[in-house]
A.B. asks: 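Below you will find the structure I want to go over with you.
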Amino acid sequence: RYGYVYGWGLNTTGQCGCGDYDSPRQLPVKVLKNTGGYLDNIIAVNAGVTHSLALSNDGRVWEFGGNNISNKAKLVPGPGGVGYLENIVAVATCEDSLALDSDGNVWHWSVGNPVQVSGLSDIIDVSCGSGYYIALDSDGFLWKWEPGVTPYKITDGEMDTASGFLEDIVAVDAGYG
């Protein structure tokens, strides 16, 4: 009803968002905002290895955990550290983080300010793996890239599609390892 986020688990890097570190949480606790109160109005969450992302109903992204980030939820800064990342429709995290904006652009960050991923357009879904990233475009093709590498379409392997690429994909999810 209010879009609260709850965290529990190991909490070694503040990833439960409860305001402390190294204090395991066996029962769910409401995630705190660094500006006071509880994190609310959230429509999607994604948990990474040591931090988590939460997407609010106003299109902004909150992050918590990861030691260098915060043990309470804080808004992700905008490009160049100006304002906040806005108009976001999806988030993904593993070790690094991705956000997809309403124009089909992808934003990437580890610790610091998000940077737009060049070479991608008309993206409708994103996912993070361990050291790699996947994006799905509006034509049903998958794109993959690693840090420092330009995104490229994923080939069809032994599927022998007409395009030579994986095609007609409807959803994407990557994993750790």
A.B. asks: For S97 and H108, test the side chains for any donor-to-acceptor distance below 3.5 angstrom and give the result as yes or no.
C.D. replies: no
A.B. asks: Less than 4.0 Å between a side-chain N and a carboxylate O, is that true for R25 and D20?
C.D. replies: yes
A.B. asks: What pair of heavy atoms forms the shortest contact from E95 to H51, and how long is it?
C.D. replies: O-CE1, 3.3 Å
A.B. asks: Between D156 and T161, is there a donor-acceptor pair closer than 3.5 Å when you use the side chain of the first and the backbone of the second?
C.D. replies: yes
A.B. asks: Please name the pair of heavy atoms, one in I169 and one in L136, separated by the smallest distance, quoted to 0.1 Å.
C.D. replies: O-CD1, 3.6 Å
A.B. asks: Tell me the closest heavy-atom pair linking C18 and V29, and the distance in Å.
C.D. replies: CB-CG2, 3.7 Å
A.B. asks: Run I88 and R60 through side-chain contact (heavy atoms from CB on, under 4.5 Å) and show every step you take.
C.D. replies: CA-CA 6 Å; I88 302 302; R60 296 189 298 175; over 6 Å; no
A.B. asks: Applying the 4.5 Å side-chain criterion to the ILVMFWY set and letting contacts propagate, would V89 and Y133 be lumped into a single cluster?
C.D. replies: yes
A.B. asks: Ignoring hydrogens and angles, state whether a donor on the side chain of S52 or Q15 is under 3.5 Å from an acceptor on the partner side chain.
C.D. replies: no
A.B. asks: Using modelled atom types only, decide if a donor and an acceptor are shared between the side chain of S127 and the backbone of A174 within a distance under 3.5 Å.
C.D. replies: yes
A.B. asks: Check the hydrophobic clustering (I, L, V, M, F, W, Y; side-chain heavy atoms under 4.5 Å; chains of links allowed) and say if L120 and L98 are grouped together.
C.D. replies: yes
A.B. asks: Does a side-chain heavy-atom distance below 4.5 Å link S56 with I43?
C.D. replies: no
A.B. asks: Measuring from atom NZ of K153 to atom CG of L166, what distance do you get when rounded to the nearest 0.5 angstrom?
C.D. replies: 11.0 Å
A.B. asks: Take S110 and D96 through the side-chain hydrogen bond (donor to acceptor under 3.5 Å, both in side chains) test and state the conclusion after the steps.
C.D. replies: CA-CA 5 Å; S110 180; D96 290 356; 3.3 Å; yes
A.B. asks: Among the clusters formed by ILVMFWY side chains lying less than 4.5 Å apart, do M159 and I154 turn up in the same one?
C.D. replies: yes
A.B. asks: Are any side-chain N or O atoms of N11 and backbone N or O atoms of C16, one a donor and one an acceptor, separated by less than 3.5 Å?
C.D. replies: yes
A.B. asks: Where is the tightest heavy-atom contact between S121 and D137, given as atom of each residue plus distance?
C.D. replies: O-CB, 4.1 Å
A.B. asks: Closest approach of C94 and S130, non-hydrogen atoms and distance?
C.D. replies: SG-N, 3.8 Å
A.B. asks: Do I42 and L53 sit in one hydrophobic cluster, given that two such residues count as connected whenever their side-chain heavy atoms are within less than 4.5 Å of each other, even indirectly?
C.D. replies: no
A.B. asks: So do F141 and S163 actually touch side chain to side chain, heavy atoms under 4.5 Å?
C.D. replies: yes
A.B. asks: Do you know which two heavy atoms are closest between P151 and V117, and how far apart they sit?
C.D. replies: CG-CG1, 3.7 Å
A.B. asks: Test your reading of the model: is there a side-chain donor-acceptor pair from N87 to the backbone of D101, 3.5 Å cut-off?
C.D. replies: no
A.B. asks: With a 6.0 Å cut-off (strictly less than), is the heavy-atom count around OH of Y84, excluding the residue itself, greater than 12?
C.D. replies: no
A.B. asks: Quick check: do K74 and E63 have side-chain heavy atoms less than 4.5 Å from each other?
C.D. replies: yes
A.B. asks: Which value, rounded to the nearest 0.5 Å, describes the distance between D125 atom CG and D173 atom CG?
C.D. replies: 8.5 Å
A.B. asks: Could you go through S138 and D122, starting from their C-alpha distance and side-chain angles, then the distance that decides it, and tell me whether this counts as side-chain hydrogen bond (donor to acceptor under 3.5 Å, both in side chains)?
C.D. replies: CA-CA 6 Å; S138 61; D122 298 319; 4.6 Å; no
A.B. asks: Would a hydrophobic clustering, with Ile, Leu, Val, Met, Phe, Trp and Tyr connected at side-chain separations under 4.5 Å, put V31 with W62?
C.D. replies: yes
A.B. asks: Side chains of W8 and Q26: closer than 4.5 Å at any heavy-atom pair?
C.D. replies: no
A.B. asks: Please work out which of the three classes, parallel, tilted or perpendicular, describes the rings of Y4 and Y2, given edges at 30° and 60°.
C.D. replies: tilted
A.B. asks: Is the shortest heavy-atom distance from the side chain of W107 to the side chain of L85 under 4.5 Å?
C.D. replies: yes
A.B. asks: Quick one: pull up OH in Y6 and OH in Y38 and give me the separation to the nearest 0.5 Å.
C.D. replies: 8.5 Å
A.B. asks: Determine whether K144 and I134 make a side-chain contact, defined as any pair of heavy atoms from C-beta on separated by less than 4.5 Å.
C.D. replies: yes
A.B. asks: Distance check, rounded to the nearest 0.5 Å: I123 atom CD1 versus L142 atom CG?
C.D. replies: 9.5 Å
A.B. asks: Can you tell if the side chain of W145 reaches within under 4.5 Å of the side chain of T150, non-hydrogen atoms only?
C.D. replies: no
A.B. asks: Is there side-chain contact between F64 and L39, with at least one heavy-atom pair below 4.5 Å?
C.D. replies: yes
